[in-house]
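Counting from 1, the numbers follow the sequence of the chain as shown. Below, all heavy atoms of this structure are taken into account, side chains as well, without hydrogens, waters or symmetry copies.
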Amino acid sequence: MQIIFTILIGFVVGLLARWIGPGGIIQGFWLTVLIGVAGSVIATYGGQALGLYRAGQPAGFIGSVVGAIALLALVQLFGR
């Protein structure tokens with residue numbers, strides 16, 4: 001059940017990142033989920049490195065969206 005919740009949250013985060021973020025990349029469902037989940041991971045470890053989160057504490061929803069936007073920007077930068 002937790003994997004379904006992770007996929008749903010990743011999808012919502014990925015959609016928000018695509019809506020707010022740079023460019024108009026057309027992506028499917030699974031790529032949007034992957035961007036959202038990877039953005040959450042980036043936000044978690046980046047926040048821990050900056051001292052915003054402690055180990056084992058998940059990143060917040062806004063942090064996850066910011067991480068996904070950063071990932072989308074990197075994909076566009078190196079995808080060309």
In Å and rounded to the nearest 0.5 Å, what is the OG to CG distance from Ser64 to Leu71? 12.0 Å

Side-chain heavy atoms under 4.5 angstrom apart, residues restricted to Ile, Leu, Val, Met, Phe, Trp, Tyr: same cluster for Leu77 and Val66? no

Taking only residues two or more places apart in sequence, or in another chain, which ones meet Ile9 in a side-chain contact (heavy atoms from CB on, under 4.5 Å)? Phe5, Val13

Evaluate the side-chain proximity of Phe11 to Leu34: yes if any heavy-atom separation is below 4.5 Å, no if none is. no

The criterion is ring-ring contact (aromatic ring centres under 6.0 Å, His included); which residues satisfy it with Tyr45, sequence neighbours excluded? none

Are Val37 and Ile4 connected in a single hydrophobic cluster, I mean Ile/Leu/Val/Met/Phe/Trp/Tyr linked by side-chain heavy atoms less than 4.5 Å apart? yes

Taken to the nearest 0.5 Å, the spacing of Ile35 CD1 from Arg18 CZ works out to 9.0 Å

Which residues share a side-chain contact (heavy atoms from CB on, under 4.5 Å) with Ile20, sequence neighbours left out: Val65, Ile69

Determine whether Leu8 and Leu15 fall in the same hydrophobic cluster, where Ile, Leu, Val, Met, Phe, Trp and Tyr are linked whenever their side-chain heavy atoms lie under 4.5 Å apart. yes

Kindly work out whether a path of hydrophobic side-chain contacts (I/L/V/M/F/W/Y, heavy atoms less than 4.5 Å apart) joins Trp19 to Phe61. yes

How long is the span from the CD1 atom in Ile7 to the CH2 atom in Trp30, to the nearest 0.5 Å? 4.5 Å

